[in-house]
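Notes to accompany the following structure.
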Amino acid sequence: MKLRATSLLGPVAGVVLAAVMVMGGVFVTAERYYLNQLAEEAGASIELQRENLAGWLGRFRALPSVYSRHPALLAALDAPDDGALRDRLNILLESWTYSTGAEESYLLGIDGRVLASSSGDTRAGRNMGHRPHHFEAMQGRLGRWFEVDARTRLRGYHFSFPVWRGSEVAGVVVVTANVGDMEDELRLSPDEVFVTDARGLVVLSGHPDLRLTQIGSSRDGLVVPVAGLTTDLSEGEFELVRGRADRSDRKEQEFVHLVRPVATEGWMLHLLAASAQAHTKAYVVVALSGLIATVIALAGLLVGARGRLLHDRLLAGEREGRLLERKVAMRTADLSAANQSLAREVRDRSAAEAELRQTQNDLVQAGKLAVLGQMSTALSHEFNQPLTAIRSYAENATAFVEQGREDRARENLERIMRLTARMAQLSRRLSNFARKPAEGMQDVALTDVFDEALGLMAARLTRAGVKPRITGLRNGLTVRAGAIRLQHVLMNLIGNALDATEDTLNPAIDIDIREDENGVNITVSDNGPGVPEELRESIFDPFFTTKEVGRGVGLGLSISYNIIRDFGGRIRVGVSDQGGARFCIRLASTDEQVAVE
Ligand code: ADP
């Protein structure tokens, strides 16, 4: 963990440093942008104030020259001691003053004495001689004098003009502008606006503290920005100064400082706009961009984390996939091993089966021979009897031929032919039966199988006096089997039934065939002693016999059992209605290889 934390420190510090640098860059750019914007707004504001100021100054500059042409002035100058004339002029001056918004208007004699005034006689007798504005006007020019009373801090802006009598200056008319009005207007501006004269003295300001302050000075108690102000800023330029807006301000703040020259006066108009808002906006921009960057970074982290998660999952998936593949490979190996062993087993089994079949075939053969052996007595009788008959018929025929009795001879010969045909049939059956079958499964007609079996058994049956009763056998009924093998099974069952009923008074063998939708049941019942229950399991075992030596070898049922099983069927022993044995063979229907119950 420690190692991880240490290794993370570098990248994290790098990211933080990069973020700080970017944020710093954003802040500087945003601050510059908003300061420029502020300066632009302030520029518009200062232009407005300049227009305003120029209009104000222009108005008062023009007034004296207009007044000077009024004849009342010259009349008053001509009769300086005429009280009535003076009174009238006083009223006239007062009305002018009132209507122009000036502070005061008055008439000076060439010696500088106040001859009439808008404020009545209060100034009467006062001598304004040698004041700059009187002096200028006496020179025949427009005179201007910004009067400052350092003691009372009162200011008056006097505009003067000569009153001409012909080409002579007869007197001077003076209009004193109302500085307070202008300053009231300056005060309306949200920014600090003030005017300095050519010496850098604040001559007009809405701020009383600022008035008559020398910019560049740092007099205690004065508003500080003034101390750092420069006046050589051209239009479009601004400087940043720090200071308090007024005395009540505790903290210094920053201002954007703009300067514009005021035409003709040699004055400079200053504007100080608090820049706090620009900084605040820059901070907001930084905060917002920081927020946005954080959101983007978080989103990036999330996406990254999700990507990592997906990647991990993918890796895990791949790992699992590989594991699965390995498992599958192992299973496949197991399976193929199992398959191989299965194939081996199948091979072994089929070999064993082939061997078994061989053995079984051998057994069948042995069984057949046994049956033939058993049948030999009956067979010899079967053959001897017709042979004896044939011999007699032949002798008869010879005699009849000698006697010329052809018809009788023919009759005997025909009997011989019938007998030989019967013998030929028996012989064919015997050879069929004795032959080793190589038959497969086919649709076997049950009637044929019974015909053959009963044909071969005919001599034995006749001898025993038994005529099997066959029920339910319809023509065309077929089963899926091998004809010779099924015939062998039936002959075994019928033979056993004959053996069993040997001592029965009225021996009877019933053969019943029943069909259902899935197969065929062949039942061979007799009225013999039956098979005791305890022996029912054993009678299908090879070489199990209860018969005396020479009569039975105990293979018949064992072979029959295997043959029927090969057919996909089964053979069972039970009790017949007459209390004897009942053997039931179930074979599949030929239509389908339907399971036999
Ligand atoms: P084998 O006839 O040579 O004895 P099988 O395998 O044909 O051999 O018969 C085995 C035994 O089953 C017989 O010995 C006999 O005890 C009994 N068995 C067969 N069929 C019958 C039957 N129909 N009734 C009574 N017992 C029978």
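As the structure lists them, so they are numbered: ligands from 1, and atoms in each ligand from 1.
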Item to check | No-hydrogen, no-angle side-chain donor-acceptor test under 3.5 Å, Asp512 and Thr471 | outcome: yes
Checklist entry - Would Asp516 and Arg514 count as a salt bridge (charged side-chain N to carboxylate O under 4.0 Å, His left out) if you check the C-alpha gap in whole Å, the side-chain angles of each, and the deciding distance to 0.1 Å? => result CA-CA 7 Å; Asp516 58 36; Arg514 295 238 167 123; over 6 Å; no
Checklist entry - If you measure from each non-hydrogen atom of Asp526 to ligand 1, which part falls under 4.0 Å: side chain, backbone, both or neither? => result side chain
Checklist entry - Contact between Phe583 and ligand 1, counting heavy atoms under 4.0 Å? => result yes
Item to check | Element-labelled atoms of ligand 1 that are located less than 4.0 Å from some non-hydrogen atom of Gly530 | outcome: 25 (C)
Checklist entry - Does Asn475 CG have over 12 foreign heavy atoms under 6.0 Å away? => result no
Checklist entry - Is there a nitrogen or oxygen of Ser558 sitting under 3.5 Å from a nitrogen or oxygen of ligand 1? => result no
Next on the checklist: Which label fits Phe583 and Phe540: parallel for a plane angle under 30°, tilted from 30 to 60°, or perpendicular past 60°?
Outcome noted: perpendicular
Checklist entry - Does Lys281 pair with Glu31 as a salt bridge, N-O distance under 4.0 Å? => result no
Checklist entry - Who's closest to atom 9 (O) of ligand 1 heavy-atom-wise, of Thr546, Asp541, Leu557, Asn527? => result Leu557
Item to check | ligand 1 N/O within reach of Asp499 N/O, cut-off under 3.5 Å | outcome: no
Checklist entry - Around Glu533, counting heavy atoms of other residues, nucleotides and ligands shown, do more than 12 lie under 6.0 Å from its CD? => result no
Next on the checklist: Looking at ligand 1, would Asn492 count as a contact under a 4.0 Å heavy-atom criterion?
Outcome noted: no
